Protein chains: 2
Amino acid sequence: MKNMLRQHLVDRLGDNTDKIDEVISHFKILRKKRNEMLLNQGEICKNVYFVARGCLQVFVYDAESNETTRDIVVENNWCSELISFGNQTPSNENIRTVEISELYYIDRQGFQKMMENVPQFRNVYQQILEYSYANSVYRINTFVALSSLERIKWLMDNRPGLMSRLSGKLIASYLGISQETFSRLKGKL
Amino acid sequence: MKNMLRQHLVDRLGDNTDKIDEVISHFKILRKKRNEMLLNQGEICKNVYFVARGCLQVFVYDAESNETTRDIVVENNWCSELISFGNQTPSNENIRTVEISELYYIDRQGFQKMMENVPQFRNVYQQILEYSYANSVYRINTFVALSSLERIKWLMDNRPGLMSRLSGKLIASYLGISQETFSRLKGKL
DNA sequence: ATATTGCCTTGACATTTGTCACGATTTCAG
DNA sequence: CTGAAATCGTGACAAATGTCAAGGCAATAT
C-alpha cells in the first residue's frame, strides 16, 4: 500500500526516482483499528500523516464535552494539526481513526530535512497548506451562509460517499447540527 | 505610511535594506473611500493587498443575497483571495473597504518575480498562508462548537476593538447571526 | 443647516433546532 | 454465536433564532 504514497508524490514531485525514494524513506507505516487516538489536545503534534486507507476525524470538544468535527480525512489525503506541528505548540484539536486505517507518517525532524534538501518537497508542503486553506475557506462560507438542510446538500455534492460511509452522529457533528435534526432533515430530500 | 509595509517586511525578512527595497518597489499605493469594491466574485483576483490603514471585508452572498462575512482585515495585515490569486481561477468571494483605507498592493507578476528572486519572500508568503490557515481553523471551530452568545464573547476576547469599531450589521454577518439577535444578545453581557 | 439615509433597538410572532425519551435495528466484541 | 452497546428514526416539548415592522437616533452628504 506504500504505492499510494509513492503515486501521490510522483504526481506532485514529478517522476524523479531518486528524490522520491529519499522522501519515502522518511515515512513509517502505522496500522490502526477504529477509534484509536493519534493526537490529544494539549499534546504537541509530532507527525504529518498520509492516509493510504481508512478515515480520520479531526475534532474539538465544546463546553459540554460534545465532539464537534472540523475535518474528515479519507484515503489519499494528508492529515495533521499543522499549527501545532509547525510551531511546536500544544494542539487545540484531537485526531482519531474512525475506520481501520493504514497511515504513513513523517516526523518533524524528517520533515525539516526534506524541506531543506528537496526543494520540490517545499512545494508539496505549500500545496498541502494551500489545499487545507482552500478547504477551510469553503467550510466557513458553507457554515455562515447555509441552513442545516443546505449544508446537508452541500455535503452530498462536495463530499460524495461520505454520508453513506460514516455514522450519522459523525456527519452531524461535522455539519454542526444534532443527530436528530440530521436524521429528520435527511428524510426531506 | 509606506513605513507600515516596510516595518512589516523588516520584521519578517530581516533588516536587509537591498532586498527590502527591491520587494517594496513592486508595491503600489491605493487609497479608497468607504464601501469601495476591490474584488467581485467571478473575477480573477489580481492582487495581494497590505492594509496600512483602514479595514476590509471579505464576504459572499447567500441564496437570498444576504452578505455573510468570512473575514475582516484591519491595518498591518494582508488581504487577498489567495485561491483565486494563486490558481488564476474566478473568485468565489468579494472584497470591499468598510472604512477609508490606505492599501499597498502587488500584482501577480511582481509577486511571482519576488517568489523566484527573493527566497525570504517565499517565507513571507508561507507565513501569510499559515496565518490565514490558522485563522480559518479557529473560526471553524468557533462556529461549530459555540452558541451565538459564546461567539460574541469569543469575538470580544480574540479580536478586541472590532465590536466598537464596526457596525452591528457587519459584526452580525461575521458571526453568522441576524442583526436583531446580535443586538439582543449584546445586552445580556 | 437640513434632509436623507442608514443604524440600532425592541416587540410580536413564526420557524428552526435542540433536548429528552423510547423502541427497533444494526454493529461489534468476547 | 450471542449479549452488550451503539445507531437510527420518531414524537413531544422547550429553547434559540429569524423575520417583519416600527420608531428614535446618529452619521453623512448636499
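Note that the structure is a prediction, hence the values are computed from the model and not measured. In what follows, chains are A, B, ... by sequence order, proteins preceding strands, each numbered from 1.
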>> Measure CD/A:E64 against P/D:dA15 and give the value in whole Å, please.
In response: 15 Å

> In whole angstroms, how far is the P atom of D:dA6 from the NZ atom of A:K169?
Replying inline: 8 Å

>> The criterion is salt bridge (charged side-chain N to carboxylate O under 4.0 Å, His left out); which residues satisfy it with A:E93, sequence neighbours excluded?
In response: A:R70

> Between B:H8 and B:W78, how do the two ring planes meet: parallel, tilted or perpendicular, split at 30° and 60°?
Replying inline: perpendicular

> Can you tell me how far C1' of D:dA29 sits from CD1 of B:I100, to the nearest Å?
Replying inline: 13 Å

> Do B:F111 and B:Y125 have their ring centres less than 6.0 Å from each other?
Replying inline: yes

>> I need the B:R159 CZ to B:I72 CD1 distance, nearest 0.5 Å.
In response: 6.0 Å

>> Within the supplied structure, the quantity of interest is the number of heavy atoms (other residues, nucleotides, ligands) at a distance under 6.0 Å from B:K113 NZ; does it exceed 12?
In response: no

> Which whole-number value in Å describes the distance from A:L170 CG to D:dA6 C1'?
Replying inline: 14 Å

>> Please give the remaining members of the hydrophobic cluster of B:Y131, linking ILVMFWY side chains under 4.5 Å, ordered by chain and number.
In response: none

> B:I171 CD1 to C:dT9 P: how many Å, rounded?
Replying inline: 12 Å

> B:Q179 CD to C:dC7 P: how many Å, rounded?
Replying inline: 8 Å

> Closest to the A:S178 side chain: C:dC28, C:dC8, C:dT19?
Replying inline: C:dT19

> Testing A:S84, A:C79, A:S91, A:S80 for side-chain contact (heavy atoms from CB on, under 4.5 Å) with A:L39, which one passes?
Replying inline: A:S91

>> Once you measure the plane-to-plane angle for A:Y105 and A:Y49, does it fall in the parallel (<30°), tilted (30-60°) or perpendicular (>60°) bin?
In response: tilted

> Got a sec, which residues hit salt bridge (charged side-chain N to carboxylate O under 4.0 Å, His left out) with A:R139, two or more places apart in sequence or on another chain?
Replying inline: none

> Between atom CG in B:L175 and atom C1' in D:dT17, what is the gap in whole Å?
Replying inline: 14 Å

>> Let me check something: do A:L129 and B:I140 share a hydrophobic cluster, defined by ILVMFWY side-chain heavy atoms less than 4.5 Å apart, either directly or through other members?
In response: no

>> What residues from residues 141-164 of chain A pass a heavy-atom cutoff of under 4.0 Å to DNA chain C?
In response: A:S148

> What is the distance, rounded to the nearest whole Å, between atom NZ of A:K33 and atom P of C:dC28?
Replying inline: 14 Å

Below 3.5 Å between N/O atoms, which protein atoms pair up with nucleotides 21-26 of chain D? Just atom names and distances, please.
none

>> Let's see if you get this right: which residues in residues 181-189 of chain A place a heavy atom under 4.0 Å from DNA chain C?
In response: A:T181, A:R184

> Contact class for B:S167 (heavy atom, under 4.0 Å): base, sugar-phosphate, or nothing?
Replying inline: sugar-phosphate

> Would you say the side chains of A:S183 and A:E180 form a donor-acceptor pair under 3.5 Å?
Replying inline: no

